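Written out below as structure tokens is the structure these notes cover.
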Amino acid sequence: MQLPAPIRAPTFLSRRRLFEQKLADLHKCTDLNQLKQLHALIYKSNLHKDPFIAPKLISALSLCQQMTLAINVFDQIQNPNAFLCNTLIKAYIRNSEPDKAFEVFREMRWSGIFPDNYTYLFLIKACSGLQSVKMIHAHVEKYNLYSDLFVPNSLIDAYSKCGLMGVKAAKVVFDVMEERDVVTYNSMISGLVKAGELTQAKKLFDGMPHRDRVSWNAILDGYVKAGEMSAAFQIFEKMPSRDVVSWSTVISGYAKTGDIEMAKGLAKEAARLYDRMEEARLKPDDATFVSILSASAESGLLGLGKKVHQSILRRHGAYLVQWKEKMVTWNAMIHGLAMHGHGRKALQLFDRMKQEGFAPDKVTFVGVLAACSQCNDGIHHFYSMENDYGIAPEIEHYGCLIDLLGRGGRLSEAFRLLHNMPFEPNVVIWSSLLRACRMHNAVQLAEEVLHQLVKLEPAGPGNFSMLSNIYAAAGDWGSVSNARLQIRNIDSKRPSGVSLIELNDEFHEFTVMIQLTLNQTEIYQTIKGLNQHLTKIPYAPSIAI
DNA sequence: CTAGGGTTAG
């Protein structure tokens with residue numbers, strides 16, 4: 001009779017080998033529990049001062065958001081070198097503490113450690129705004145760090161994210177470079193595209209020595225952003241090869257076009273392209289999904305949206321798991337709740353997000369402030385955004401706050417903020433104020449707002465109908481007919497507002513002067529049902545004229 | 001270690 005082989009306990013040697021293997025990949029460790037074990041073992045083996053282990057340990061700890069422990073490791077090294085300092089800088093950036101990253105930089109210069117090209121590379125990432133990029137740029141000039149192309153390339157990219165002024169500065173760096181590679185050109189092209197300088201971008205694209213797929217995708221995006229879909233499609237067909245980025249760009253471009261006349265054709269084109277992408281066995285990724293879904297949601301392309309949804313489900317939910325961990329998911333959920341009147345739930349989710357260790361970003365705050373239109377914490381969150389999280393408010397945030405004040409009837413405060421904010425008010429802000437004027441019967445203010453709106457959007461019939469409603473609420477019937485006349489003037493020049501939704505491969509249009517072509521009875525029955533439902537719940541309909 | 005497509009206010 002044969003006995004089964006005894007199970008051997010792991011020998012000291014194999015355990016040691018396992019430990020060494022784990023140490024090799026230590027800097028990639030994202031599992032906190034595993035890291036804690038390794039952390040203990042490293043200290044026990046007195047390896048925490050090892051010049052190869054210490055930076056890896058700092059990296060891993062920063063990945064697991066354990067900055068206190070990471071600093072602890074750093075502080076125990078008597079003579080840190082540039083490599084170790086770079087690791088700490090990178091760690092701070094990863095944990096969204098750019099100020100601390102700059103502090104490390106100051107300290108290392110103070111203690112006579114020479115920063116290297118990597119130091120500057122990481123610091124460029126920590127920059128927010130033109131001033132800080134300029135500061136690094138000055139160092140790059142002073143120490144002539146142009147020989148490592150990564151440095152000026154990153155500078156171009158960082159400048160490109162600072163608006164129009166930034167793109168100009170990026171161009172200066174670009175022009176001064178004696179040697180350029182494909183990344184240099186691509187960064188500059190994408191910067192120009194972001195600034196809306198399509199002509200210049202195209203010129204650079206045409207003149208560059210070698211174009212890769214990134215170059216083609218960047219210029220493709222330029223045409224899509226400019227709304228020039230036929231030119232974009234020509235580029236899409238002409239480019240030597242296409243990847244998920246090319247497909248995502250062109251599909252969402254087709255899907256989100258605002259031109260109703262062309263919408264139907266383009267929507268079909270978008271759906272057709274989506275099928276073609278799947279036929280080409282290209283795997284759409286999370287960015288593909290996000291961009292196409294948002295474009296189809298904006299334009300009411302239910303079919304395309306469903307297609308994307310099906311692709312996601314077909315992946316066994318793998319993407320859902322991935323998304324669970326992502327900022328966009330929290331942001332989208334908070335915003336979704338806010339949009340649908342669940343302001344309190346949105347704020348509760350915001351708290352949970354923070355508890356789970358996510359640092360809110362500027363998009364999160366758009367959702368949070370939108371949620372506050374139903375409560376009074378908006379101003380508190382607005383200040384907290386800059387003071388506690390170091391996020392400079394953008395026009396969207398001011399827009400939310402103005403909307404919030406307007407809804408609350410604090411119209412004069414809303415106006416004061418509008419005039420004092422560092423941005424030119426846009427259509428969204430003026431129309432949100434117009435709506436606030438309607439809510440609070442502020443006739444005179446409404447006239448002023450309309451005046452501004454007409455300047456920005458001369459052919460917007462919705463504005464005059466809002467004004468007409470305001471006059472009606474005030475009983476000024478003479479002005480009502482006047483406003484109606486204006487609407488008719490605009491209407492004769494331009495097709496009136498159309499709401500479009502696609503169902504089962506068919507497009508349904510709804511206009512102000514409703515002309516139903518399909519299933520009239522079914523639609524009217526639904527409306528009748530809705531009205532009946534409304535009589536049963538406490539609801540006071542507002543009467544539009 | 002740098003470059004391309006993404007979430008957002010009416």
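If you're wondering where the values come from, they're calculated on a predicted model, not measured in any experiment.
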Q. Is any side-chain heavy atom of A:K134 closer than 4.5 Å to a side-chain heavy atom of A:Y159?
A. yes

Q: Grab the CZ-P distance between A:R213 and B:dA3 for me, whole Å please.
A: 17 Å

Q | Electrostatic pair A:D351:A:K354 at N-O distance under 4.0 angstrom | A | yes

Q | Spacing between A:L145 atom CG and B:dT2 atom C1', to the nearest angstrom | A | 14 Å

Q. Nearest to the side chain of A:N153 - B:dG10, B:dT2, B:dG6?
A. B:dT2

(Q) B:dT2, OP1 or OP2 - any side-chain N/O from A:K125 closer than 4.0 Å? (A) yes

(Q) With a 4.0 Å cutoff (strictly under), does any side-chain N or O of A:S432 reach OP1 or OP2 of B:dA9? (A) no

Q. A:V428 side chain: which of B:dC1, B:dG10, B:dG5 is closest?
A. B:dG10

Q: Measure from the side chain of A:V183, starting at C-beta and using heavy atoms only, and say which of B:dA9, B:dG6, B:dA3 lies closest.
A: B:dA3

Q: Measure from the side chain of A:K225, starting at C-beta and using heavy atoms only, and say which of B:dC1, B:dG10, B:dG6 lies closest.
A: B:dG6

Q: Among the candidates B:dC1, B:dG6, B:dG5, find the nucleotide nearest to the side-chain atoms of A:K90.
A: B:dC1

(Q) Of the options B:dA9, B:dT2, B:dG10, whose atoms approach the side-chain atoms of A:R435 most closely? (A) B:dG10

**Q.** A:D157 CG to B:dT2 P, straight-line distance once rounded to whole Å
**A.** 10 Å

Q: Would you mind reporting whether A:Q348 and A:L337 have side-chain heavy atoms less than 4.5 Å apart?
A: no

**Q.** ring-ring contact (aromatic ring centres under 6.0 Å, His included): pairs with one or both residues in residues 191-214 of chain A, sequence neighbours excluded
**A.** A:F205-A:W216

Q.
I'd like to know if A:T288 reaches the base of B:dG5 with its side chain such that a donor and an acceptor end up less than 3.5 angstrom apart.
A. yes

(Q) By nearest atom, which of the nucleotides B:dA3, B:dT7, B:dC1 is closest to the A:Y118 side chain? (A) B:dC1

Q: Assign A:D221 to base, sugar-phosphate, or nothing according to its heavy-atom contacts below 4.0 angstrom with the strands shown.
A: sugar-phosphate

Q | Nearest to side-chain heavy atoms of A:D286, which nucleotide of B:dG5, B:dG6, B:dA9 | A | B:dG6

**Q.** Separation of atom CZ in A:R407 from atom C1' in B:dG10, rounded to whole Å
**A.** 8 Å

Q. Starting at CG of A:L434 and ending at C1' of B:dA9, how long is that distance when rounded to a whole Å?
A. 16 Å

Q) How would you label the contact of A:I395 with the nucleic acid (heavy atoms, under 4.0 Å): base, sugar-phosphate, or nothing? A) base

Q: Starting from C1' on B:dG6, measure out to CD1 on A:I312 and report it in whole angstrom.
A: 13 Å

Q: State whether a side-chain donor-acceptor pair under 3.5 Å links A:S246 with A:R213.
A: no

**Q.** Nearest-Å distance for atom pair CZ/C1', residues A:R242 and B:dG5
**A.** 16 Å

Q: Report which part of the nucleic acid A:D212 touches: base, sugar-phosphate, or nothing (heavy-atom distance under 4.0 Å, all strands).
A: base

Q. With no hydrogens and no angle check, do the side chains of A:S154 and A:D157 hold a donor and an acceptor under 3.5 Å apart?
A. no

(Q) Suppose we call a contact any N or O donor and acceptor under 3.5 Å apart; does that hold for the side chain of A:D243 and the base of B:dG5? (A) no

Q: Name the nucleic acid region contacted by A:N426, choosing base, sugar-phosphate or nothing; use a 4.0 angstrom heavy-atom cut-off, strictly under.
A: base

Q) Does OP1 or OP2 of B:dA9 have a side-chain N or O of A:H335 closer than 4.0 Å? A) yes

Q) Does a side-chain heavy-atom distance below 4.5 Å link A:V245 with A:V214? A) no

(Q) If you go through the side-chain atoms of A:S291, does one of them form a donor-acceptor pair with the base of B:dG6 closer than 3.5 Å? (A) no

**Q.** Value in whole Å for how far the C1' atom of B:dT8 lies from CD1 of A:I429
**A.** 13 Å

Q: Name the nucleic acid region contacted by A:S248, choosing base, sugar-phosphate or nothing; use a 4.0 angstrom heavy-atom cut-off, strictly under.
A: base

Q: Enumerate the residues from residues 413-423 of chain A whose closest heavy atom to DNA chain B is under 4.0 Å, giving them by residue number; use none for an empty result.
A: none

Q) side-chain hydrogen bond (donor to acceptor under 3.5 Å, both in side chains) with A:S132: which residues, sequence neighbours excluded? A) none

Q) What does A:V250 touch in the nucleic acid at a heavy-atom separation under 4.0 angstrom: a base, only the sugar-phosphate, or nothing? A) nothing

Q: Have a look at A:S294 and say if it touches a base, only the backbone sugar-phosphate, or nothing, with a 4.0 Å heavy-atom cut-off.
A: sugar-phosphate

(Q) Just to verify, which of A:F382, A:W330, A:F350 counts as forming a ring pair (Phe, Tyr, Trp, His ring centres under 6.0 Å) with A:F365? (A) A:F350

